[in-house]
Trainee: 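Before we start, here is the structure in question, set down as structure tokens.
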Amino acid sequence: MNPTPEKAFPVSWDQFHRDARALAWRLSGAGPFSAIVCITRGGLVPAAVVCRELEIRVIETVCVASYHDYRTQGTTAVLKGIAADLPGVEAGGAGILLIDDLVDTGKTASIVREMLPKAHFATVYAKPMGRPLVDTFVTEVSQDTWIYFPWDLGLSFQPPISGRSG
Ligand SMILES: O=P(O)(O)OC[C@H]1O[C@H](OP(=O)(O)OP(=O)(O)O)[C@H](O)[C@@H]1O
Ligand code: HPA
Ligand SMILES: [Mg+2]
């Protein structure tokens, strides 16, 4: 069971771009890759950075929804599969790069890995439960940390430190 995350790890757009580019650097020695399959929606953003850096122009999506409510994992639904005519699919995913923003429990990753067992699976962030399913990642965070992505955040007033409880 995934413990309720207690620590917060907010990520800015600058930080995310740096980390996604660091992922591209790591992947540059692992290819070549004929195509990217990104796991929507979170995988769309790192896929945009990585495909630019590695000059990959064939991009496919696999659409998976798992966290229907904030921080609560529900049943995992595959809303759209991978096109059968994508080069490499008939070979089990050899030469294909699978990208997501993170692995948490590993549930999403294990479903997609079953579809393309020979693909290279990459994420920007990884938590310990999901880490064994990932071939390449950039930063590990603890299982009790919730990562706040920049597309889920907005600017808001912060009360002065002196007025906060604790
Ligand atoms: O390792 P897991 O426990 O399966 O969690 C990781 C998945 O959860 C999030 O996706 P989510 O289902 O929230 O959908 P989204 O990408 O559309 O935000 C995240 O983008 C990963 O795909
Ligand atoms: O830590 C997380 N942050 C954002 N989305 C997520 N989906 C699973 N775990 C996370
Ligand atoms: Mg996702």
Side-chain angles (χ1 to χ4, degrees), residues 1-24 26-27 30 33 35-54 56 58-83 86 89 93 96-156 158:
M1 187 69 190
N2 195 18
T4 305
E6 283 161 13
K7 299 175 197 149
F9 181 71
V11 181
S12 68
W13 281 111
D14 276 3
Q15 182 67 47
F16 193 83
H17 192 188
R18 262 195 301 277
D19 289 343
R21 196 171 262 161
L23 181 65
R26 283 179 195 189
L27 290 169
F33 300 108
I36 285 177
V37 173
C38 68
I39 305 174
T40 73
R41 296 162 304 179
L44 287 163
V45 187
V49 175
V50 169
C51 73
R52 186 268 177 187
E53 298 300 338
L54 302 187
I56 298 168
V58 180
I59 320 293
E60 166 65 327
T61 58
V62 57
C63 303
V64 185
S66 170
Y67 290 77
H68 307 289
D69 299 311
Y70 171 64
R71 301 201 323 190
T72 310
Q73 192 166 31
T75 50
T76 306
V78 178
L79 306 172
K80 178 198 153 297
I82 300 163
L86 184 74
V89 167
I96 291 178
L97 177 58
L98 264 174
I99 296 192
D100 207 348
D101 50 1
L102 82 146
V103 276
D104 188 321
T105 63
K107 203 171 163 191
T108 304
S110 63
I111 288 169
V112 179
R113 284 214 84 132
E114 255 180 51
M115 298 176 189
L116 295 178
K118 292 189 183 153
H120 188 102
F121 192 81
T123 63
V124 184
Y125 306 111
K127 299 188 192 180
M129 280 175 76
R131 192 184 153 166
L133 292 154
V134 185
D135 296 306
T136 305
F137 68 95
V138 175
T139 301
E140 181 165 353
V141 302
S142 62
Q143 201 66 43
D144 62 352
T145 295
W146 189 260
I147 302 168
Y148 290 90
F149 289 110
W151 49 91
D152 288 329
L153 299 175
L155 290 177
S156 66
Q158 296 293 300

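Heavy atoms only: backbone and side chains are in, while hydrogens, waters and symmetry mates are out. Every number for a ligand or one of its atoms is a count from 1 in the order of the listing.
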Trainee: Do any nitrogen or oxygen atoms of V103 come within less than 3.5 Å of a nitrogen or oxygen of ligand 1?
Mentor: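 N/O-N/O distance under 3.5 Å: no.
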Trainee: Could you work out, for atom 6 (C) of ligand 2, the closest of W146, Y125, F149, Y148 by heavy-atom distance?
Mentor: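 Of the listed residues, W146 has the closest heavy atom.
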Trainee: Heavy atom under 4.0 Å from ligand 1: found in T105's side chain, backbone, both, or neither?
Mentor: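 It is both backbone and side chain that touch ligand 1.
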Trainee: Could you give the distance from CD1 (I82) to CE (M115), rounded to the nearest 0.5 Å?
Mentor: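 Spacing of CD1 (I82) from CE (M115) equals 5.5 Å.
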Trainee: Examine distances only and state if a side-chain atom of E60 and a backbone atom of L86 form a donor-acceptor pair shorter than 3.5 Å.
Mentor: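 Not at all, since once roles are kept as given, no pair shorter than 3.5 Å links the two residues.
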Trainee: How about D101 and V45: do any of their side-chain heavy atoms sit closer than 4.5 Å?
Mentor: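 Counting from C-beta outward, D101 and V45 never come under 4.5 Å.
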Trainee: Within this structure, what is the CG-SG distance for the pair L97 and C51, rounded to the nearest 0.5 Å?
Mentor: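 Here the interatomic distance stands at 10.0 Å.
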Trainee: Under 4.0 Å from a heavy atom of D101: which atoms of ligand 1 are those, numbered in the order shown and with their elements?
Mentor: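 That gives atoms 19 (C), 20 (O), 21 (C) of ligand 1.
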Trainee: For S66, take its heavy atoms, then give the atoms of ligand 1 lying under 4.0 Å from any of them.
Mentor: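 So the atoms of ligand 1 that pass are 12 (O).
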Trainee: Show the atoms of ligand 2 that are less than 4.0 angstrom away from any heavy atom in D104.
Mentor: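 Those of ligand 2 that fall under 4.0 Å from D104 are 8 (C), 9 (N), 10 (C).
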Trainee: Any side chain to side chain donor-acceptor pair (under 3.5 Å) pairs touching residues 132-142, not counting sequence neighbours?
Mentor: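 Sorted pair list: R113-D135, H120-T136, R131-E140, S142-D144, S142-T145.
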Trainee: Identify the residue among V49, T123, V124 that makes a side-chain contact (heavy atoms from CB on, under 4.5 Å) with L23.
Mentor: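 Filter result, single survivor: V124.
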Trainee: Could you list the atoms of ligand 1 found under 4.0 angstrom from a heavy atom of T108?
Mentor: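 So the answer, numbered in order with elements, is 2 (P), 4 (O), 7 (C), 22 (O).
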Trainee: Is the contact between D100 and ligand 1 made by the side chain, the backbone, both, or neither, using heavy atoms and a 4.0 Å cut-off?
Mentor: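 Looking at D100 and ligand 1, just side chain atoms fall under 4.0 Å.
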Trainee: Do any side-chain atoms of residues 35-44 form donor-acceptor pairs under 3.5 angstrom with protein atoms, and if so which ones, sequence neighbours left out?
Mentor:
none

Trainee: Determine whether any heavy atom of G130 lies closer than 4.0 Å to an atom of ligand 1.
Mentor: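 Outside the 4.0 Å threshold, so no.
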Trainee: Where does I147 meet ligand 2, judged by heavy-atom distances below 4.0 Å: at the side chain, the backbone, both, or neither?
Mentor: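 The answer is both.
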Trainee: Nearest heavy atom to atom 1 (O) of ligand 2: which of K127, K107, Q143 does it belong to?
Mentor: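 Of the listed residues, K127 has the closest heavy atom.
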Trainee: Short list, please: which atoms of ligand 1 are under 4.0 Å from a heavy atom of A65?
Mentor: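 Near A65, meaning under 4.0 Å from one of its heavy atoms, ligand 1 has 12 (O).
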Trainee: So if I apply the side-chain contact (heavy atoms from CB on, under 4.5 Å) rule between F121 and each of L98, I99, L116, which one comes out positive?
Mentor: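 Of the listed options, the one satisfying the test is L98.
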Trainee: How long is the span from the CZ atom in F137 to the NZ atom in K127, to the nearest 0.5 Å?
Mentor: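 Reported value, rounded in 0.5 Å steps: 13.5 Å.
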Trainee: For ligand 1, which atoms sit closer than 4.0 Å to a heavy atom of L102?
Mentor: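 That gives atoms 6 (C), 19 (C), 21 (C) of ligand 1.
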Trainee: Less than 4.0 Å is my threshold; does some heavy atom of G106 fall inside it relative to ligand 1?
Mentor: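 Yes; G106 lies near enough to ligand 1 that a heavy-atom distance drops under 4.0 Å.
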Trainee: Taking N or O atoms only and a 3.5 Å limit, does L102 qualify as a polar contact for ligand 2?
Mentor: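 So ligand 2 has no N or O lying under 3.5 Å from an N or O of L102.
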Trainee: Given side chains that start at C-beta, do those of D104 and W146 come closer than 4.5 Å, heavy atoms only?
Mentor: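 Yes - at least one pair of side-chain heavy atoms lies under 4.5 Å apart.
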